[in-house]
*Asks:* 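The structure is given below, and queries will be raised subsequently.
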Amino acid sequence: MRILTLCVGNICRSPIAEALLAREFPQLSVRSAGLSAMVSEPADALSREVATEHGLDLSQHRAQQVSALLCQQSELILVMEQGHKVWLEQLYPQVRGKTFRLGQFGQFEIADPYRQPIHAFETAYEAIFRGVTDWSHRIRKLS
């Protein structure tokens, strides 16, 4: 199974979601991308800091733009906000039915912490962690 996590810039939220899912499911292929990615940029410094505090290493991450190929190769696409789902489905209608919000089961969205204080990154991490936990049970059944 291949999973794609998605946000806007691919430097704050989706790299953390990617790292958490990859740690939870080392046997699966997990990638991340952005709808308007800051291509080749590393993860935001505050994302790296918060990730490190939770045992994750984002040092090798480089942002990439979502593409038709990435979507085609992914069986599950997890986005941070409902608006991302709508945007992605407009770009690539074939993703309908395999694109969901990370916070879908808890009925929450994960706010973008970009250019905000570290507290916003910590809040985003907690929401991402909760979403990954909620999805983990379902992914185990699918994989």
Side-chain angles (χ1 to χ4, degrees), residues 1-92 94-96 98-140 142-143:
M1 176 180 229
R2 290 168 294 213
I3 301 171
L4 178 65
T5 64
L6 195 73
C7 65
V8 177
N10 191 219
I11 61 167
C12 296
R13 296 171 287 177
S14 56
I16 289 174
E18 174 187 13
L20 282 169
L21 284 163
R23 181 170 72 186
E24 185 74 18
F25 300 101
Q27 75 281 13
L28 301 182
S29 170
V30 184
R31 299 184 72 186
S32 67
L35 287 157
S36 185
M38 300 175 80
V39 176
S40 299
E41 289 294 313
D44 183 279
L46 292 177
S47 276
R48 289 193 314 265
E49 182 178 330
V50 169
T52 299
E53 289 173 9
H54 294 278
L56 302 172
D57 180 9
L58 301 183
S59 64
Q60 300 303 308
H61 176 80
R62 294 298 176 266
Q64 67 174 335
Q65 180 66 30
V66 69
S67 66
L69 181 61
L70 271 176
C71 291
Q72 179 185 349
Q73 292 173 337
S74 302
E75 284 85 24
L76 177 63
I77 302 171
L78 297 172
V79 300
M80 304 298 130
E81 302 173 28
Q82 182 63 27
H84 300 162
K85 183 178 186 297
V86 171
W87 186 356
L88 186 65
E89 289 175 349
Q90 287 174 345
L91 287 172
Y92 308 110
Q94 69 272 22
V95 303
R96 287 188 180 104
K98 65 178 180 179
T99 303
F100 304 92
R101 276 184 305 127
L102 188 60
Q104 177 167 328
F105 299 107
Q107 298 191 0
F108 60 90
E109 297 206 346
I110 300 161
D112 192 352
Y114 185 60
R115 294 189 176 181
Q116 294 186 46
I118 192 150
H119 175 73
F121 286 83
E122 292 165 344
T123 300
Y125 175 87
E126 293 303 325
I128 293 165
F129 182 84
R130 181 175 163 207
V132 166
T133 300
D134 290 345
W135 272 99
S136 291
H137 309 293
R138 288 147 181 97
I139 292 169
R140 277 190 187 82
L142 295 172
S143 59

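Only heavy atoms go into these numbers, but all of them, side chains included; no hydrogens, no water, no symmetry mates.
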*Asks:* Name all pairs fulfilling the salt bridge (charged side-chain N to carboxylate O under 4.0 Å, His left out) condition that reach into residues 5-19, sequence neighbours left out, sorted by first residue then second.
*Replies:* Arg13-Glu81, Arg13-Asp112

*Asks:* Leu58 versus Ser47: any side-chain heavy-atom pair under 4.5 Å?
*Replies:* yes

*Asks:* List the atom of Ser32, the atom of His61, and the distance in Å for their closest heavy-atom pair.
*Replies:*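 Shortest heavy-atom separation between Ser32 and His61 comes out as OG-CE1, 3.4 Å.
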
*Asks:* Between Gln64 (side chain) and Ala33 (backbone), is there a donor-acceptor pair under 3.5 Å?
*Replies:*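 Looks like no, no N/O pair under 3.5 Å.
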
*Asks:* Between Gln94 and Ala68, what is the shortest heavy-atom contact and its length?
*Replies:* NE2-CB, 4.3 Å

*Asks:* To the closest 0.5 Å, what do you measure between CG (Asp134) and CG (Leu78)?
*Replies:* 11.0 Å

*Asks:* Taking ring-ring contact (aromatic ring centres under 6.0 Å, His included) as the cut-off, I'd like each qualifying pair that reaches into residues 109-128, sequence neighbours left out, listed once.
*Replies:*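 Every ring-ring contact (aromatic ring centres under 6.0 Å, His included) pair that includes a residue of residues 109-128, provided the two are not neighbours, is His54-Tyr125.
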
*Asks:* Search all heavy atoms of Ser136 against all heavy atoms of Glu24 and return the closest pair with its distance.
*Replies:*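 Scanning both residues, the minimum pair turns out to be OG-CG, 3.6 Å.
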
*Asks:* Rounded to the nearest 0.5 Å, what separates atom CD1 in Ile3 from atom CG in Leu76?
*Replies:* 5.5 Å

*Asks:* Check whether any side-chain N or O of Thr99 sits under 3.5 Å from a backbone N or O of Val95 as a donor-acceptor pair, and report yes or no.
*Replies:* yes

*Asks:* How far apart are the closest heavy atoms of Ala124 and Pro113, and which atoms are they?
*Replies:* CB-CG, 4.1 Å

*Asks:* I need the minimum non-hydrogen distance between Cys7 and Asn10, along with the two atoms involved.
*Replies:*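 For Cys7 versus Asn10, the nearest heavy atoms are SG-N, 3.4 Å.
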
*Asks:* Does Met1 form a side-chain contact (heavy atoms from CB on, under 4.5 Å) with Phe25? I'd like the steps, not just the answer.
*Replies:* CA-CA 10 Å; Met1 176 180 229; Phe25 300 101; over 6 Å; no

*Asks:* Should we say atom CZ of Arg140 is surrounded by more than 12 heavy atoms from elsewhere, each under 6.0 Å from it?
*Replies:* yes

*Asks:* Looking at side-chain heavy atoms only, is the closest gap between Arg130 and Phe108 below 4.5 Å?
*Replies:* yes

*Asks:* Taking side chain to side chain contact (heavy atoms under 4.5 Å, CB included) as the definition, give me every residue that meets it alongside Glu41, ordered by chain and number, with sequence neighbours left out.
*Replies:*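 In terms of side chain to side chain contact (heavy atoms under 4.5 Å, CB included), with neighbours along the sequence ignored, Glu41 is linked to Ile11, Met38.
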
*Asks:* Using the ring-ring contact (aromatic ring centres under 6.0 Å, His included) criterion, which residues pair with Phe100? Sequence neighbours excluded.
*Replies:*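 Phe100 satisfies ring-ring contact (aromatic ring centres under 6.0 Å, His included) with Trp135 only.
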
*Asks:* Going through the checks in order, is the side-chain contact (heavy atoms from CB on, under 4.5 Å) test met by Gln73 and Leu69?
*Replies:* CA-CA 6 Å; Gln73 292 173 337; Leu69 181 61; 3.6 Å; yes

*Asks:* I'd like to check Ile77 versus Val66 (side-chain heavy atoms, cut-off strictly below 4.5 Å). Are they in contact?
*Replies:* no

*Asks:* Do you know the tightest heavy-atom contact between Ala17 and Met80?
*Replies:* CB-CE, 3.9 Å

*Asks:* Taking only residues at least two apart or on different chains, which pairs with a member in residues 44-66 satisfy salt bridge (charged side-chain N to carboxylate O under 4.0 Å, His left out)?
*Replies:* none

*Asks:* Within the structure provided, determine whether Ile128 and Thr5 are in side-chain contact (heavy-atom separation under 4.5 Å).
*Replies:* no

*Asks:* If we only count heavy atoms from C-beta on, is the Glu109 to Arg101 side-chain gap below 4.5 Å?
*Replies:* yes

*Asks:* Which distance, rounded to the nearest 0.5 Å, do you find between the CG of Leu102 and the CG of Leu21?
*Replies:* 7.0 Å

*Asks:* Check whether any side-chain heavy atom of Leu88 lies under 4.5 Å from a side-chain heavy atom of His84, and answer yes or no.
*Replies:* no

*Asks:* Please examine the side chains of Trp87 and Glu89, heavy atoms only from C-beta on, and report whether any two atoms are closer than 4.5 Å.
*Replies:*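 Side-chain contact under 4.5 Å: no.
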
*Asks:* Tell me every residue that passes side chain to side chain contact (heavy atoms under 4.5 Å, CB included) with Ala111, counting only those two or more places apart in sequence or in another chain.
*Replies:*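 Ala111: no side chain to side chain contact (heavy atoms under 4.5 Å, CB included) contacts found.
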
*Asks:* Can any side-chain N or O of Lys98 pair as donor or acceptor with the backbone N or O of Ser74 at less than 3.5 Å?
*Replies:* yes

*Asks:* Are there more than 12 heavy atoms of other residues, nucleotides or ligands under 6.0 Å from atom CD of Gln107?
*Replies:*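 Open: at most 12 neighbouring heavy atoms sit under 6.0 Å from CD of Gln107.
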
*Asks:* Answer yes or no: is there a side-chain heavy-atom contact under 4.5 Å between Val79 and Leu35?
*Replies:* no

